[in-house]
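Note sheet for the following structure.
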Amino acid sequence: MEVSHVYDWKSAEVRLQEYWEKQKIYAFDPDDKKREIYSVDTPPPTVSGKMHIGHAFSYTQQDVIVRYKRMKGFNVFYPFGTDDNGLATNLMIEKLKNVKASKMERKAFVKLCIDTLKEIRPGFIGDWKRIGLSADFSIFYTTIDEHSQKISQESFIELYHKGREYRKEAPIMICPQCQTAIAQVEMEDVEKESNLCHIKVKVETGEEIVYATTRPELLPACVGFSVNKSDPRYKHLIGKKVKLPLTNREVVISHDDSVDPAYGTGAVYFCTYGGVECIEWLTRHPGVEPINIMGINGKYNEKAGKYAGMTSNEARKEIVADLEKAGVLVKLEKIKHAVNVHERCGTDIEYVATPQWFIRYLDLKDDMLEWGSELNWHPEHMKNRYNNWVQGLKWDWCISRQRVFGVPFPLWYCAKCGEIILADVKDLPVDPLVDKPKKACKCGSKQFNPEHDMLDTWATSSLTPQIATSLFKDKPIYKKLLPMSLRPQAHDIISFWLFNTVVKSQLHYDKNPWKDVVISGWALDPHGRKMSKSKGNIVDPQIVLQKYPADSLRYWAAGSKLGDDMPYQEKDLVTGVKTVNKLWNACKFGFMHLEDYKQGNATEAVDQWLLAELHKVVKECSAFMDNYEYARAKLEIDKFFWITFCDNYLEIVKDRLYNPAKRGEEARRSAQYTLYTTLFTVLKLFAPIMPYITEELYQIYFKKKEKTESVHICSWPSFDADMIDTHKLAAGKVILHVLEHARRAKSEQSKSLKAPIKKMVVSAKIEPDLFSAISEDLKATTMCEELLYKKLPPKSEAEIEHDIIL
RNA sequence: GGACCCGUGGUCUAGUGGUUAUGACGCCACCUUCACACGGUGGAGACCGCCAGUUCGAAUCUGGCCGGGUCCACCA
């Protein structure tokens, strides 16, 4: 058997990856009628740059699980998609191509996006292949492709017909500088200095009170005035009218829980819209109509009176001056507070009311909690995040976005009567900017205004189970794919991707999209801090993989249990490399002695002990893997392989393998059988974690014996409970004890491990027959010339005793 | 402010009522080349964050405190 001296992982990884693709090792078989299906709702990574180490971390964890299931005999449905219909992609294209979506024709920008994505996608996906992800890459989708658009638009139409969708005016965030709608991810908090204006107002009772605000310019849009009913200063004024300065409008003073008597003056005015608190205040005070004084361009309109045409900053100066002139400005108090600004230009964001589409679901809170509890969460505590999110929901789901790139709404408005015209499902996907409705409106008009907005990216990515499985819509197996077996993902998007997927699935099908949920943690920097560009502590997996085998990166990732964040330390990869090499070397040794191997069985007691340990490990690992505890399984395999097998067993059998003349041919055959069985089993146990090295070793030797194309479709080792024989395990304890103390005795005297031992007396509780069955091996391994045994009485406190004379 | 997670040798980590408290890296000493020095053997190194409580017995359960982190909400 020619096995090269060292494992050349760089060439092996490329070669094996090609082999897997060519042989379709990870292919889902849609025509298989026998095997049970294990389906995975693979997270489609966002195409916004390169893969980062956190991806390698969490995708490895899910891949270990999936590989285990495949070996357990499941017909694995493991699709792969990319998420590229969202803002992140939009921004990436703008940066990459140095363009501005807002300054381009929508059609041209969308085309640019789609073309650019096509270019960069293969390289992006290559990173996932590189880490050994065993997805079936032929089951592929992107969240912007026609198939996904169709499903997303179909979902919109269906939920509209179910009465779950409505359109109404709602505040959105805009940047008055860039004159564009912005999303939460584009915002950042900045500590700013500001003036808290104390302004005097007159109550109808004749009393004067003072309220405090940082947004005095919104006075023309003031819709309410609140105090806290527990505040003795103002309690008696609730229900009374107050006259606002300058405009002389009157609003009613009400109680509101959010008003903190200790802040400012304890009296607050609410405007449409000063911020989130004003929006929330409005929802708590039904019947109050907003006064929309700002347009989407960030400028005040005619409702602002003399301040029309100004921005907030301009209006603020004017109003403060006017208030002072009117003698109602009590004081300007300098304060520092956190302000939300647009991260690109640093401008304070504004809230402007525009028509938006919503999915009505606030009425389903109790159901949502129920749906969440029906999922099997791993780890269990991640369910709290879901529950926490549901309990905190305050608004329906706003699914419209004022953007140019994404999945369009499949609808138009009749230019004459305003009727909503939905696209025909059979015509999907449609772009209302380009396409036209096929029929005239009920009112007879043939003039339509398209909906310009895009669907929220989550409205599409919450449909990944449907998007992936409906690729097999024409096959009978389609019905068996939903609900899917597993949703793997990281914990940061439980409240987005996971939650929204559950909601959509329930609204469409009245059932959950999957059975099990596994949540992985994050890769942190070596000091346990989150990686971020601004901290400059990002670890680039491409660089890592030039230096270390993918298996070692996976070995590291598989060492962290689900949900736990893990600091990335380069030394942990070194441990992986060592394990890869140890496997290589142990197999090299094994293959050398297995050249003439024929099927046999274990006749020697030491071999029977090793096999008992092996069965024990298989049993434990299988139980751990079934429970998605791959990290604990890994620990057990590691311990068995390195310590029990390499450090101890291999040292013991060398004598029998090298010296058949002395020990007999049968003793060698027994060792060969044990070696073959154990090595093959160890490779299979390690295969989900380290797919490359295990495959390489399988191809070199085992394939011709086992006849299966790849170790990754070999069946997971089974165990025989009868094999876990307590007598054999007790003998093993004696073996290990003797080896340890013989080695220690030599080490203490600074002697070589090959130094002879004159005499050794061992006492233990195993039967003398059993001891003599292991004594030849023990003598050879410890270089002991005379080995004697005394059986200890069953009641003896000591389990094993020894006396060693060097 | 709400919720959740975590605090174990220098570093990272396993362990969820009874273990001489796991392993890795690092450190010290020794051993060589017949699988592997990316190796082997042995060793030093932990009052298991702090304080109470439950228990015959607590790293492990309960309460409080301190420290770190994450998600959500953030004060006109």
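Naming convention: chains lettered A, B, ... in sequence-line order (proteins, then strands); numbering from 1 in each chain. Only a predicted model underlies this, so the values are computations on that prediction, with no experimental measurement involved.
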If pairing means Watson-Crick or G-U wobble with both distances under 3.5 Å, then the partner of B:rU11 is B:rA24
What is the nucleic acid contact for A:K588, judged by heavy atoms within less than 4.0 Å: base, sugar-phosphate only, or nothing?
sugar-phosphate
Which residues share a salt bridge (charged side-chain N to carboxylate O under 4.0 Å, His left out) with A:E651, sequence neighbours left out:
A:K654
Are A:F702 and A:F591 close enough that their ring centres sit under 6.0 Å apart?
yes
Only counting residues at least two apart or in another chain, list the ones meeting side chain to side chain contact (heavy atoms under 4.5 Å, CB included) with A:D348.
A:K192, A:V339, A:V341
By side-chain hydrogen bond (donor to acceptor under 3.5 Å, both in side chains) - contacts of A:E13 (at least two apart):
none
Measure from the side chain of A:R744, starting at C-beta and using heavy atoms only, and say which of B:rG39, B:rG42, B:rU70 lies closest.
B:rG42
Taking side chain to side chain contact (heavy atoms under 4.5 Å, CB included) as the definition, give me every residue that meets it alongside A:T214, ordered by chain and number, with sequence neighbours left out.
A:S194, A:L196, A:I335, A:H337
Using Watson-Crick geometry (N1-N3 plus N6-O4 or O6-N4) or G-U wobble (N1-O2, O6-N3), each under 3.5 Å, B:rC47 is paired with none
In whole angstroms, the gap separating C1' of B:rA73 from CD of A:Q391 amounts to 14 Å
Partner residues of A:W497 under the side chain to side chain contact (heavy atoms under 4.5 Å, CB included) criterion, sequence neighbours left out:
A:D41, A:P43, A:P44, A:W458, A:S461, A:T464, A:R487, A:Q489, A:I493, A:T501
When you measure from the side-chain N and O atoms of A:R529 to the phosphate of B:rG68, is any distance below 4.0 Å, counting only OP1 and OP2?
no
Salt bridge (Lys or Arg N to Asp or Glu O under 4.0 Å) for A:K746 and A:E748? Distances and angles first, verdict last.
CA-CA 5 Å; A:K746 293 176 189 179; A:E748 273 166 3; over 6 Å; no
Hey, mind stepping through A:H255 and A:D257 against side chain to side chain donor-acceptor pair (under 3.5 Å) and telling me if it holds?
CA-CA 7 Å; A:H255 157 76; A:D257 281 329; 3.0 Å; yes
Using the P atom on both, measure B:rU60 against B:rG53 and round to a whole Å.
14 Å
Go through the structure and list residues passing salt bridge (charged side-chain N to carboxylate O under 4.0 Å, His left out) with A:K394, not counting sequence neighbours.
A:E280
Are A:W642 and B:rG23 close enough that a side-chain N or O sits under 4.0 Å from OP1 or OP2?
no
Not counting sequence neighbours, which residues clear salt bridge (charged side-chain N to carboxylate O under 4.0 Å, His left out) with A:E570? List them please.
A:K547
If you restrict it to nitrogen or oxygen atoms, what contacts under 3.5 Å exist between nucleotides 2-7 of chain B and the protein, and what is each distance?
| unit_1 | atom_1 | unit_2 | atom_2 | d |
| --- | --- | --- | --- | --- |
| B:rG2 | N2 | A:N388 | ND2 | 3.4 |
| B:rA3 | O2' | A:N388 | ND2 | 3.4 |

Using Watson-Crick or G-U wobble geometry with both distances under 3.5 Å, which nucleotide pairs with B:rA29?
B:rU41
Indicate, with a heavy-atom threshold strictly under 4.0 Å, whether A:C587 touches base, sugar-phosphate, or nothing.
nothing
Taking the same atom, P, in B:rA52 and in B:rG45, what whole-Å distance lies between them?
27 Å
Check: residues 377-384 of chain A side-chain donor-acceptor pairs under 3.5 Å, at least two apart:
| unit_1 | atom_1 | unit_2 | atom_2 | d |
| --- | --- | --- | --- | --- |
| A:W377 | NE1 | A:G372 | O | 2.7 |
| A:N384 | ND2 | A:H381 | O | 3.2 |

Nucleotide opposite B:rA3 in a Watson-Crick or G-U pair, distances under 3.5 Å
B:rU70
In residues 647-657 of chain A, which residues come under 4.0 Å of RNA chain B by heavy atom?
A:D647, A:L650, A:E651, A:K654
Give a yes/no answer on whether the side chain of A:Y263 brings an N or O atom under 4.0 Å of OP1 or OP2 in B:rC75.
no
Using the C1' atom as the reference point in each nucleotide, state the distance between B:rU62 and B:rU16 in Å, no decimals.
14 Å
Taking a pair to mean Watson-Crick or G-U wobble geometry with both distances below 3.5 Å, B:rG17 pairs with none
What does B:rC61 pair with, Watson-Crick or G-U, if both distances are under 3.5 Å?
B:rG53
Look at the aromatic rings of A:Y269 and A:Y211 and report parallel, tilted or perpendicular, splitting at 30° and 60°.
tilted
List the residues meeting side-chain hydrogen bond (donor to acceptor under 3.5 Å, both in side chains) with A:Y676, not counting sequence neighbours, and say none if there are none.
A:E706
Proximity to the side chain of A:L635 - top-ranked nucleotide from B:rU70, B:rC74, B:rA14
B:rA14
If you restrict it to nitrogen or oxygen atoms, what contacts under 3.5 Å exist between nucleotides 25-33 of chain B and the protein, and what is each distance?
| unit_1 | atom_1 | unit_2 | atom_2 | d |
| --- | --- | --- | --- | --- |
| B:rC25 | OP1 | A:K578 | NZ | 2.9 |

Presence of A:R632 side-chain N/O under 4.0 Å of B:rG23 phosphate oxygens OP1/OP2:
no
Under 4.0 Å between any heavy atoms, over every strand shown, what does A:V259 touch: base, sugar-phosphate, or nothing? Just pick one.
base
In whole angstroms, the gap separating P of B:rC12 from CG of A:D572 amounts to 11 Å
Whole-angstrom distance between B:rU13 and B:rG49, as gauged at atom P:
13 Å
